Engineer: 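What follows is a single structure, and I will ask about it in a moment.
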Amino acid sequence: MTDVQSYSGPNRVFSGIQPTGNLHLGNYLGALKKFVDLQAAGWTGIYCVVDLHAITQPHDPALLPDQTRQIAAAMLACGLDPDQSTVFVQSAVPAHAELAWIFNCVARMGWLEKMTQFKDKGGENSERVSVGLFDYPVLQAADILAYRATHVPVGEDQQQHLELSRNIAARFNQQYDAPGFFPEPEALIEGPGARIMSLKDGSKKMSKSDPSDLSRINLVDDRDTIARKIKKAKTDLLGDLPETEDGLEGRPEVENLVGIYSAFSGQSVEAVLAEFGGAGFGTFKPALAELAISHLAPITERMRAYMADPAEIDRALQKGAEKAHAISAPVIKEVRDVIGFWKS
RNA sequence: ACGCCAGUAGCUCAAUUGGCAGAGCAGCGGAUUCCAAAUCCGCAGGUUGAGUGUUCGAGUCACUCCUGGCGUGCCA
C-alpha cells in the first residue's frame with residue numbers, strides 16, 4: 001500500500017488517433033466505436049487528432065491538413081458529439097507541447113529505452129530516426145495528463161506506454177511534493193472483438209501499412225469493395241465454421257471473421273457460432289458482408305458529407321480546441337506554479 | 001571536417017569490353033474452390049538517388065550535389 005494521497009478529481013477519458021493514412025475496420029472497432037460507446041455511457045471524453053505525433057516520422061506537409069480533417073470527420077461521423085465530448089487537433093492546443101517538455105525533465109532515459117515500439121519502428125536504423133520518435137511516449141503522457149485524464153482506452157500494444165504515463169505522473173507528484181496532483185491513468189479494458197486481424201493473415205493485425213489492400217477494410221470503402229474483400233478473405237482448409245468457441249482454436253482467420261461478426265452484431269462469439277456452426281463460408285461470408293455494410297455505410301456516408309464540407313469540420317475543431325484549452329490551461333498554470341516558473 | 005564504400009521495381013538483388021533495364025519475393029487479375037488457401041495461367045510495376053559532362057550510344061566512364069553505412073579526426 002501507499003500512503004501517498006491519491007488523485008481525487010473527476011473521471012475523464014482521453015484518447016488520440018494519428019492522422020496518418022486511411023482509417024480501417026481495426027481503427028473503427030478498436031477505437032472509434034469504443035469512444036462512442038463510452039460517450040453513450042456518460043463518460044467525459046477528450047478525443048484528439050494527434051498531429052504532433054504524426055510528424056515523428058516522415059510525412060507530407062501538403063497532405064497533413066486533410067488527413068487531420070479526415071480523422072476528425074471519422075470521429076464525428078461515428079457519433080462523437082462535439083457538445084458532449086471534446087474533439088480537437090493536438091497542435092491547436094499548446095498544453096501538449098509545453099507539458100511534454102516538462103515531462104522530458106521528469107522521465108528518465110532508461111524508461112524510454114525499454115519501449116519496445118521504439119525498438120520495432122527504429123529497428124536497425126535507430127541512428128536515423130528522429131528524437132521525437134524516441135520521445136513519443138512522453139508526449140503521450142502529456143496528452144493524457146494535460147487534461148488530468150483518469151482512463152485511457154488502449155490496446156495491448158499501448159499498455160507499456162500507459163505504464164510510462166503512470167510512472168511520469170507518480171514521479172512528478174513525488175518530485176514536486178504535490179500528492180495527487182496528477183492522476184495515474186488506468187487502461188479501460190477492451191471488450192471482445194477489439195483486436196481485428198488482417199483479412200489475409202490471421203496472425204497479423206489489420207494494418208494500414210500492409211501491402212495488400214485486400215487485407216483490410218477501409219472506412220472509405222464502398223459497399224461492393226467491402227463485400228469483395230470479405231469474399232476474398234482467407235479462411236482455412238477445414239471448410240465449415242465450428243459449432244463452439246473451442247473449435248476456433250488454431251484457426252485465427254476464422255476466429256477473426258467470427259469476431260468481426262460478433263463485434264458488429266453485438267452477439268457473443270458463442271451466439272454467432274450457434275447460428276453459423278456447421279455452415280460453409282459460402283453462406284457465412286455474404287452474411288458478414290451484409291452486416292458490415294449495414295453498419296459501415298451510414299458512417300461512410302456521413303464521413304463523405306463532412307469531407308465535402310471542410311469548413312464544417314473546421315468549425316467543430318475550432319470549438320473543440322477552445323474546450324480543450326479551457327480544460328488544460330488551468331492545469332498548465334498549476335504545473336508552472338508547482339515547478340516554480342516565473343509568472344506573468 | 002576528411003577518407004572509403006554503397007544507392008537499380010514495394011523488398012532482396014542481377015545486367016559481360018559502354019550496346020534494347022531483368023529475376024525472385026510481395027502485389028493485382030483469371031482458372032480452380034461452398035468462400036478462401038495451395039497450384040496453374042496472366043498482368044502490372046522504373047526519372048537506375050539528383051544534375052552536368054564525355055560518347056553515335058551511359059545503370060556502367062568523369063565531375064558536382066544529396067542520402068545512408070563504415071573509419072579517422074575535431075569540439076575536448
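Quick caveat, the model's predicted, so the values are computed rather than measured. Chain letters run A, B, ... following the sequence lines, proteins first and then strands; every chain starts at 1.
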Engineer: Distance check needed: B:A36 C1' versus A:Leu241 CG, whole Å only.
Structural biologist: 12 Å
Engineer: Given the P atoms of B:G68 and B:U60, what is the spacing between them in whole Å?
Structural biologist: 23 Å
Engineer: In whole angstrom, give the distance that lies between atom NZ of A:Lys229 and atom C1' of B:C28.
Structural biologist: 13 Å
Engineer: Whom does B:U72 pair with, Watson-Crick or G-U wobble, provided both distances fall under 3.5 Å?
Structural biologist: B:A1
Engineer: Could you tell me if A:Arg148 sits above the aromatic ring of A:Phe181, with its cationic atom closer than 6.0 Å to the ring centre and no more than 45 degrees from the axis?
Structural biologist: yes
Engineer: Is the phosphate of B:C28, meaning OP1 or OP2, less than 4.0 Å from a side-chain N or O of A:Arg228?
Structural biologist: no
Engineer: A:Asp201 has an atom CG; how far is it from atom C1' of B:G27, in whole Å?
Structural biologist: 15 Å
Engineer: Tell me, do A:Lys234 and A:Asp201 make a side-chain contact under 4.5 Å, heavy atoms counted?
Structural biologist: no
Engineer: Answer yes or no: does a side-chain N or O of A:Lys285 lie under 4.0 Å from OP1 or OP2 of B:A36?
Structural biologist: no
Engineer: Testing the 3.5 Å rule here: is there a donor-acceptor pair between the side chains of A:Glu163 and A:Gln159?
Structural biologist: no
Engineer: What's the CG-C1' distance between A:Asp236 and B:U33, to the nearest Å?
Structural biologist: 14 Å
Engineer: Which nucleotide, if any, forms a Watson-Crick or G-U wobble pair with B:C61, using both distances under 3.5 Å?
Structural biologist: B:G53
Engineer: Kindly assign one of parallel, tilted or perpendicular to the pair A:Tyr176 and A:Phe172, based on the angle between their ring planes and the thresholds 30° and 60°.
Structural biologist: tilted
Engineer: Classify the ring geometry between A:Phe182 and A:Phe103 as parallel (under 30°), tilted (30 to 60°) or perpendicular (over 60°).
Structural biologist: perpendicular
Engineer: For A:Glu255 and B:A36, what is the distance between atoms CD and C1' respectively, to the nearest whole Å?
Structural biologist: 17 Å
Engineer: Tell me which nucleotide, if any, is Watson-Crick or G-U wobble paired with B:U8 when both distances must be under 3.5 Å.
Structural biologist: none
Engineer: If we only count heavy atoms from C-beta on, is the A:Met75 to A:Leu317 side-chain gap below 4.5 Å?
Structural biologist: no
Engineer: Check the distance between B:A37's P and A:Glu253's CD and give it to me in whole angstrom.
Structural biologist: 11 Å
Engineer: Just how far, in rounded Å, is C1' of B:U39 from NZ of A:Lys234?
Structural biologist: 15 Å
Engineer: Quick check: any donor-acceptor pair below 3.5 Å linking the side-chain of A:Thr235 to the base of B:C35?
Structural biologist: yes
Engineer: A:Lys208 has an atom NZ; how far is it from atom C1' of B:G10, in whole Å?
Structural biologist: 17 Å
Engineer: When you match A:Asp213 and A:Leu199 each to their closest nucleotide on RNA chain B, which lands nearer the 5' end?
Structural biologist: A:Asp213
Engineer: Can you tell me the Watson-Crick or wobble partner of B:U16, both distances under 3.5 angstrom?
Structural biologist: none
Engineer: Pick the nucleotide of RNA chain B nearest each of A:Ala233 and A:Asp210; which residue has the one closer to the 5' end?
Structural biologist: A:Asp210
Engineer: Once you apply the 3.5 Å cut-off to both distances, tell me the Watson-Crick or G-U wobble partner of B:C40, or none.
Structural biologist: B:G30
Engineer: Once you apply the 3.5 Å cut-off to both distances, tell me the Watson-Crick or G-U wobble partner of B:G45, or none.
Structural biologist: none
Engineer: Can you tell which of B:G29, B:A26, B:A37 lies closest to the side chain of A:Leu214?
Structural biologist: B:G29
Engineer: When you check the phosphate oxygens OP1 and OP2 of B:A26, does a side-chain N or O of A:Ser212 lie under 4.0 Å from one of them?
Structural biologist: no
